[in-house]
Amino acid sequence: MNKELYFDNAATTAVDERVVEAMKPYFSMTYGNPGSMHTLGLEAKEALDSARVMLARFLNCSDEEVIFTGSGTESINMAIKGAALALQKKGKHIITQKTEHPAVLETCEYLEKQGFEVTYLDVDVYGFVSLEKLKEVMRLDTILVSIMYANNEIGTVQPIKEIAEVCKENKVLFHTDACQAAGYLDMDVKNLGIDYLSMNGSKLYGPKGVGILYVKSGRPLSPLIHGGGQEYGKRSGTENVPLIVGLAKAVEIADGEREREVARLTEMRDYLIRELLKRIPKSLLNGHPTKRLPNNVNVTFLNVEGETLLLELDQYGICASTGSACTSKTLEPSHVILALGRPYEVAHGSLRFSLGRYTTKEGIDKLLGILPETVEKYRMLSPVHLQESQI
Amino acid sequence: MNMEEKIQLHKDVEAKVESKKWFYSETVKEHFFKPKNFLLSEEKAKEADAKSDGVGQVGSPACGDMMKMWLMIDRESERITDCKWQTFGCASAIASTSMLSVMLTENGGMKIEEALQIKPQDIAARLDGLPQRKFHCSVLGDKALRAAVNDYFRKTGQDARVIVGGAKVIDKILKITDKDIEEAVLEGAHDFETVQKKTKVGVYDKNCIPEVEQLIRFYREKYFG
Ligand SMILES: Cc1ncc(COP(=O)(O)O)c(C=O)c1O
């Protein structure tokens, strides 16, 4: 696998070699249970503690506010269900928006079945929620707002700080899904004014299957997993020390390289967008031209179905991803592209290229050398000939 | 080299294949990368519109699948002597149409009556299987064929032979038909709850629920049994 041709970093990233090295001792050498009182246990505890310190520094919070979990999805479930359960006497209304990750949407749908009420805010053509709308839908029984920091499909970065302010004015708690944002955007929870934040390691060159939930001190959270009382009683179960150490190492590296990496990726992102739109007729950018993640490119090629392009690119060793119906379990095209007000025709032909640490200009040029002809091939095979003006 | 030659050779790609894993069967791969009997370009499609004995088009770009099929039919023997197509859709939709065109034209061409007996399962079987949620792609090919044959019947004044797949309204309030339920089952909704989520059937017209449940069982057995 040529990492330069891997344009699916928003799905998951390769684990950085330095992270692998950092994790190694904790599998079969320092394998103790951090809850044990002997030396081996204390050594594991020490590793766990320093990982927590590292993450607390990253988020500008205190150690006890960092809870280790088993994934981004778990953190999100814990935050939304945990806050809802703890606050249900106060109210049963939750606000979120339509382009959230399924981890949020499905959790909200589950809560609706349990008697909660959820408002799903619309977004504009770029995928932004409106602060005015948010203010309008706030109610006395609203207990939680959950709005993602950056979107995984189209990279739209929401005005998180302003959203947090609206929540504070209304005395409503605020959770944000920051799984795509970590490593690229400001993660200072004090500055942002966030109550709960979910993130994971698998988009950050860290291991999969480990996440964190930041819970601001004093904020209510009913635990979902009961047992031995680990993680301040909020998430029981023996801590996954090697993966936690790996996550901390990954965050440390990403934080150190952030400024340079954001500049490098932004330049490549803009180059790729510009060239795709120039070289391939009838192509449309999904999301905002600049207010998007530095690594996200999402383009629709009219009159072709995304999956065909994905599979043909795969034959050249190029990995991308699609929001097309045919690759989803439900056969519905991307709920995110549809939420932008784009018609179904546009949603079917979208491809996402997410850049990363190992992306190079040469890799992008190779992609640009192959894609126009691939699109042309499937357009020639297609009986559909929509023009941009019809969209 | 023009696109047609490129597709037939599939040269660039085969030289560069790095991935050893493939989501579909090898036969789907063959028919996706090197499809047979396709019409490449709008001009060729226009020519075919004018000279074909039967033309059928089904699906829509909004649904993510659209297929057009052109047939040449020998009046005497009623054999399909040529079949061309264009498809907008995923890999399995392209491979299904390609395979269907081969089935229709191999061994001197299939007789119309025989061709109309082809079931989506037959196409899927010749492709060495399709993943369950891609099964609806092979149904589209089947429908395009019916539409093209009907067109032939109409053009040749054999209106009595036109097959009408009349839809019956099941949900009286939302006007949901048995075809809509068939479609939902094909798209992977295999119980009442999921079919309702997709179609909203029975949300207001509660009386239709037993009939819907029966139809779901029927189509599940027909296509997946
Ligand atoms: C925005 C967003 N939220 C949540 C998740 C889920 O994270 P995980 O796969 O670690 O459960 C992801 C990644 O898939 C994501 O991109």
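Reminder, nothing fancy here: chain letters follow the sequence lines and each chain counts from 1.
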Test item: A:Glu307 side-chain N/O and B:Ala91 main-chain N/O as donor-acceptor pair under 3.5 Å: yes
Report the residues that fulfil side chain to side chain donor-acceptor pair (under 3.5 Å) with B:Thr81, sequence neighbours left out, ordered by chain and then residue number. none
Partner residues of A:Lys3 under the salt bridge (Lys or Arg N to Asp or Glu O under 4.0 Å) criterion, sequence neighbours left out: none
Rounded at 0.5 Å granularity, tell me how far CG in A:Leu309 sits from SG in B:Cys90. 12.0 Å
Rounded at 0.5 Å granularity, tell me how far CD1 in B:Ile7 sits from CG in A:Leu381. 5.0 Å
Plane angle bin for A:Tyr378 and B:Phe32 - parallel if under 30°, tilted between 30 and 60°, otherwise perpendicular: parallel
Sort B:Met3 into side chain, backbone, both or neither according to what part of it lies under 4.5 angstrom from a heavy atom of chain A. side chain
Given heavy-atom pairs under 4.5 angstrom as the criterion, report whether the side chain, backbone, both or neither of B:Lys197 touches chain A. side chain
Count the heavy atoms of every other residue, nucleotide or ligand shown that sit under 6.0 Å from CD of B:Glu106, and state whether that count exceeds 12. yes
Answer whether the closest heavy-atom distance between the side chains of [X] and [Y] falls below 4.5 Å.
X: B:Phe38; Y: A:Met380; value: no
X: B:Met66; Y: A:Val384; value: yes
X: A:Leu311; Y: B:Tyr24; value: yes
X: B:Phe88; Y: A:Arg379; value: no

So, the part of A:Pro343 with a heavy atom under 4.5 Å from chain B: the answer is neither
Ion pair A:Glu376/B:Lys6, N-O distance below 4.0 Å: no
Within residues 40-56 of chain B, residues adjacent to chain A where the heavy-atom gap is under 4.5 Å: B:Leu40, B:Ser41, B:Glu42
List for me each residue that meets side chain to side chain contact (heavy atoms under 4.5 Å, CB included) alongside A:Leu277, sequence neighbours excluded, and say none if there are none. A:Ile273, A:Ser283, A:Leu285, A:Val299
